[in-house]
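Right, one structure below, let's go through it.
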Amino acid sequence: MKQIQLPDERGHYGVFGGKYVIETLMPALKELEQVFASAKSDPSFQKELKYYLRQYVGRPTPLYYAENLTRQLGGAKIYLKREDLNHTGAHKINNTIGSALLALRMNKKRVIAETGAGQHGVATATAAALFGLECEVFMGEKDIKRQALNVFRMKLLGAKVIPVSSGTRTLKDATSEAIRNWITTVETTHYIIGSVVGPHPYPMMVREFQKIIGEEAAGQIMDIEKRMPDVCVACVGGGSNAMGLFYPFINHEETRLIGVEAAGLGIETGKHGASLSEGKPGVLHGMMSNLLYDDDGQIEEAHSVSAGLDYPGVGAEHSYLKEIGRAQYVSITDEQALEGFKLLSRTEGIIPALESAHAISYVTQLAPKMKKDEIIVICLSGRGDKDVNQVADIMGVPL
Amino acid sequence: MSRIQNCFQKLNEKNEKALVAFITAGDPDLPASQRIFSIIEKNGADIIELGVPFSDPLADGPVIQAASQRALKSGTTLKKIIQLVVEIRQSSELPIVLMTSYNPVFAYGLKPFVDDALNAGVDGVIIPDLPPEEAGEFNSYASKQGLDMIHLLAPTSTQDRVRLIADESRGFIYYVSLTGTTGMKSEMSGNLKTKVQAIKNVAKLPVLVGFGISGPEQAKQAAALSDGVIVGSAIVRLIEQNGNPADREAKIGDFVARLKQAISTLE
C-alpha cells in the first residue's frame with residue numbers, strides 16, 4: 001500500500017501548508033521543528049506523554065456502540081469515539097498536554113493560546129496549571145459572551161483571558177492577536193495552537209498529538225467488529241479532531257473519510273464556515289489552505305452557531321485530502337446541528353458539543369442510506385455542557 | 001538603474017541617510033493619500049512605502065491595524081492602489097514600495113500583480129508573511145521583471161538566515177528593530193549596533209531600520225548605526241488624530257521635515 005508521508009521537509013502538503021510568517025517567528029518555528037522531532041523519537045518523552053494521557057486525561061476513551069441511535073436511524077451501525085469523556089471534556093487536551101511538555105523541553109515558562117468555543121483555552125489552562133506554566137488565552141469578545149462558562153473555568157485554572165475586540169471578535173481575530181503576541185514574546189513564550197492550522201510544524205505536530213484518537217478507534221473497532229469501519233465522520237472547524245480520527249485510516253482506502261463543516265445559516269446565505277466546500281486556496285495565519293475571502297483577498301467573516309467552527313480557514317492537510325479526493329467534506333446548518341444536539345441527548349443520554357452535533361446531524365442523513373452491517377465511526381469531539389446556556393437561549397427557554 | 005538604486009547612490013554621494021516614510025494607502029481615502037504622498041515627498045522623504053490594507057494584518061500593531069480598517073472602509077483595494085501609483089507617477093519619481101500581506105497579492109495573481117505594479121511605477125514590494133522559503137515562485141518572476149523584493153530581518157534571525165536574506169533581497173534590507181509588531185516604542189533596542197553590523201558584514205545592500213521608530217531623536221540614533229530609517233506608525237498616528245485635511249497635512253509635513261533634519265545632522 002502506498003504510504004502518504006506528509007508534510008514534506010518544508011511543511012507542505014501539496015501546495016498547502018508552509019510557513020507564511022514574519023521573519024521574527026521563523027527561527028522559533030525551526031527550533032520547534034527540531035524540538036518536536038527529538039521529542040518524538042525520545043522514549044522518555046513518549047513515556048511521560050503516555051503517562052499523563054492515561055492517568056490524567058483518562059485515555060483510552062471508549063468506542064461506544066450507539067445502539068439506540070443506530071436503531072432509530074435504521075441503517076449502518078454507529079460507533080461514537082468518546083473524546084467527550086476526556087478530562088476537560090474534549091479532544092483538545094491530547095494536544096495541550098503534549099505541547100506543554102514541549103514548552104518545558106524548550107525551557108519556556110509561558111504559554112499562550114487562542115480559543116473559539118473555549119475548549120482549547122480550557123485545555124491549555126489545564127495543562128499550564130498541571131505543569132506550572134504561566135498562561136494567557138486570547139478569545140474574541142463575541143465568544144466570551146456565548147461561552148461564559150469556559151471563560152470562568154479558564155480563570156479558575158489560573159489563566160488570564162485576554163478579550164479580543166478587533167475584527168469579527170471571534171476565533172479568527174483571537175488567532176491573529178495570539179500570533180501578534182507571539183511575535184512580541186517569542187523568546188520566552190510557546191504558542192499552543194489549538195488545531196491543525198498555522199505555520200509548519202503546527203499542522204503536523206497537532207495531528208501527531210491528536211492521531212491517538214484514530215489509532216485507538218482502529219484498534220477498538222478491530223476488537224469489536226473484527227474489521228475496519230466503512231466510514232469515519234468528524235466535524236471540521238480548523239479540523240484537529242477530524243485529522244486525529246482520519247490520519248490512521250488514510251492508507252486504509254476502503255474507509256471513507258467525511259468531514260462536516262458548518263453551513264451556518266445556509267451555504268446560500270453566505271453566512272457559514274464552510275472553507276473547504278466554498279473557499280479557495282489562500283494564505284492566513286501562517287499557512288496556505290482553503291479560505292473564505294473576497295476578490296480583493298480580504299478575509300470574509302465566517303458564521304456558525306458553534307464558536308469552534310466559526311473560522312474562515314481550515315487545516316492545510318484537510319485541503320490536501322480534499323484535493324486528492326481521499327476525504328470528502330460536507331456541511332450542516334445551525335438548525336440541523338441543533339437537531340443533532342437534541343437527538344443524541346434524547347436517544348443516548350449524551351449531550352454533545354455543538355461542534356460534534358454537526359457530525360451527528362450528518363450521520364442522521366448518511367446512516368439510513370447504508371446497509372445494517374456497515375459501520376460508521378463518529379468522533380464525538382466534546383461534550384455539550386458548555387453549550388447548554390446558548391441552546392436554551394436559542395430555544396427561548398429561560399434558565 | 002532602478003529608482004531605488006539611484007536613490008541610494010545619490011544619498012551615498014552626499015553621505016546622507018535614507019528616510020523612508022510609510023502610510024497606509026486609502027487612509028482615510030485614496031485622494032487624501034495622494035495629497036499626503038506629495039507633502040511627504042516635499043518635506044524630504046527619500047522613499048515612500050504604501051501599505052496595502054488587509055483584514056488580518058498579523059505584523060501590525062494597533063495604529064496600523066486601525067489605518068487598515070479605515071482604508072478598507074473607504075473601499076481601498078490593491079487594484080485601486082496600483083491605479084493611485086499611476087496617478088502619482090505623473091508628477092513624481094520618488095521610489096515607491098508597496099507593503100502588503102500576501103493574500104491580497106495571491107488573490108490578484110502573482111504575475112498580473114508584478115506586471116501591473118511595475119507598469120504603474122512601483123519599485124519594490126515588502127511582504128512580511130512571505131519569507132524566502134515560500135517566495136520562490138513570486139521572487140523568481142519579480143526579480144526577472146525588475147520588481148525589488150525586500151525581505152525583513154529581525155532581532156531573532158540567526159546568522160544563517162542573515163546570509164539567506166542578504167542573498168535573496170533586492171533594493172534594501174529591512175531590519176525590524178524590535179521583537180514585536182509595528183508601532184512606536186520610546187526606546188531603541190540596545191543591541192541595534194551589533195545586529196546591523198552583523199548584517200552589513202554579509203550584505204551588499206543598504207540596511208534600513210524600521211518598526212518602533214517614533215520620532216526624530218530615535219530616527220537619529222537608528223540612522224547613525226545604519227543606512228536609514230523607516231517610520232510608519234508615528235506618521236499614521238498623525239492621520240488618525242487629525243480629521244481636518246489642512247491640519248493633517250501641515251502636521252505630517254512638519255514631522256517628516258524634522259525626521260529628515262534629524263538624520264541629516266549626524267555627527
Side-chain angles (χ1 to χ4, degrees), chain A residues 9-12 15-31 164-168 172-189 198-200 280-289 291-301 312-313, chain B residues 52-62 65-66 68-69 72 75-81 100-109 113 127-137 151-162 164-165 173-176 178-183 211:
Chain A
E9 71 284 356
R10 290 166 54 231
H12 288 206
V15 301
F16 302 108
K19 285 182 191 170
Y20 294 85
V21 295
I22 187 167
E23 171 63 22
T24 317
L25 295 180
M26 292 295 281
L29 293 172
K30 182 137 207 194
E31 182 197 4
V164 176
S165 58
S166 56
T168 58
K172 177 191 74 138
D173 291 277
T175 307
S176 297
E177 210 47 45
I179 293 174
R180 289 188 191 109
N181 184 279
W182 198 38
I183 292 172
T184 311
T185 60
V186 60
E187 285 153 313
T188 56
T189 298
H200 179 67
K280 48 193 183 279
V283 171
L284 178 68
H285 294 151
M287 65 170 175
M288 168 93 58
S289 193
L291 282 182
L292 303 174
Y293 63 90
D294 68 16
D295 293 343
D296 298 309
Q298 307 297 337
I299 309 302
E300 288 176 317
E301 192 169 348
Chain B
V52 176
F54 183 50
S55 51
D56 300 81
L58 296 185
D60 285 318
Q65 281 180 52
S68 248
Q69 284 308 312
L72 288 174
T76 309
T77 63
L78 182 50
K79 257 191 189 88
K80 290 182 187 171
I81 293 170
T100 177
S101 293
Y102 187 46
N103 205 52
V105 172
F106 185 78
Y108 198 104
F113 168 74
I127 311 179
D129 59 349
L130 193 66
E133 282 84 344
E134 304 293 347
E137 193 187 346
H151 284 290
L152 307 183
L153 275 167
T156 52
S157 300
T158 48
Q159 191 56 34
D160 57 327
R161 296 197 60 80
V162 170
L164 170 74
I165 283 158
I173 290 171
Y174 190 139
Y175 180 67
V176 172
L178 53 87
T179 304
T181 52
T182 57
F211 278 42

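Just so it is clear: chains get the letters A, B, ... in the order the sequence lines come, proteins before strands, and each one is counted from 1.
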Is atom CD of B:Gln159 surrounded by more than 12 heavy atoms (other residues, nucleotides or ligands) closer than 6.0 Å?
yes
Looking at A:Asp295, I want to see if its CG is surrounded by more than 12 non-hydrogen atoms of other residues, nucleotides or ligands under 6.0 Å.
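Open.
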Could you state the interatomic distance from [atom1] ([X]) to [atom2] ([Y]), rounded to the nearest 0.5 Å?
{"X": "B:Leu178", "Y": "A:Thr184", "atom1": "CG", "atom2": "OG1", "result": "8.0 Å"}
{"X": "B:Asp129", "Y": "A:His285", "atom1": "CG", "atom2": "NE2", "result": "10.5 Å"}
{"X": "B:Ser55", "Y": "A:Leu284", "atom1": "OG", "atom2": "CG", "result": "7.5 Å"}
{"X": "B:Glu133", "Y": "A:His200", "atom1": "CD", "atom2": "NE2", "result": "11.0 Å"}

Looking at B:Pro131, B:Ala107, B:Ala154, B:Pro104, which one has more heavy-atom pairs under 4.5 Å with chain A than the rest?
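Most heavy-atom pairs within the cutoff with chain A belong to B:Pro131.
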Among B:Ala135, B:Pro57, B:Ser101, which has the most heavy-atom pairs under 4.5 Å with chain A?
B:Pro57
Would you name the heavy atoms of [X] and [Y] that are closest together and state the gap between them?
{"X": "B:Asn103", "Y": "A:Val283", "value": "OD1-N, 2.9 Å"}
{"X": "B:Leu58", "Y": "A:Ile183", "value": "O-CD1, 3.5 Å"}
{"X": "B:Arg161", "Y": "A:Pro27", "value": "CD-CG, 4.1 Å"}
{"X": "B:Asp56", "Y": "A:Lys172", "value": "OD2-NZ, 2.9 Å"}
{"X": "A:Gly18", "Y": "B:Glu134", "value": "CA-OE2, 3.1 Å"}

Under a 4.5 Å heavy-atom cut-off, does chain A meet the side chain of [X], its backbone, both or neither?
{"X": "B:Ile127", "result": "neither"}
{"X": "B:Tyr174", "result": "neither"}
{"X": "B:Leu153", "result": "both"}
{"X": "B:Phe54", "result": "both"}
{"X": "B:Gln65", "result": "side chain"}

Regarding B:Thr156 and A:Glu187, is there a side-chain donor-to-acceptor distance under 3.5 Å anywhere?
no
With a 4.5 Å limit on heavy-atom distance, are the side chains of B:Phe106 and A:Tyr20 in contact?
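B:Phe106 vs A:Tyr20: side chains apart.
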Is there side-chain contact between A:Glu23 and B:Val176, with heavy atoms separated by less than 4.5 Å?
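With C-beta onward as the side chain, the pair stays apart.
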Chain B heavy atoms under 4.5 Å from A:Ile179: which part of the residue, side chain, backbone, both or neither?
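The side chain, not the backbone.
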Report which part of A:His12 has an atom under 4.5 Å of a heavy atom belonging to chain B: side chain, backbone, both, or neither.
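Side chain only.
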Between A:Lys280, A:Met288, A:Glu300, the one whose heavy-atom pairs under 4.5 Å with chain B are most numerous:
A:Met288
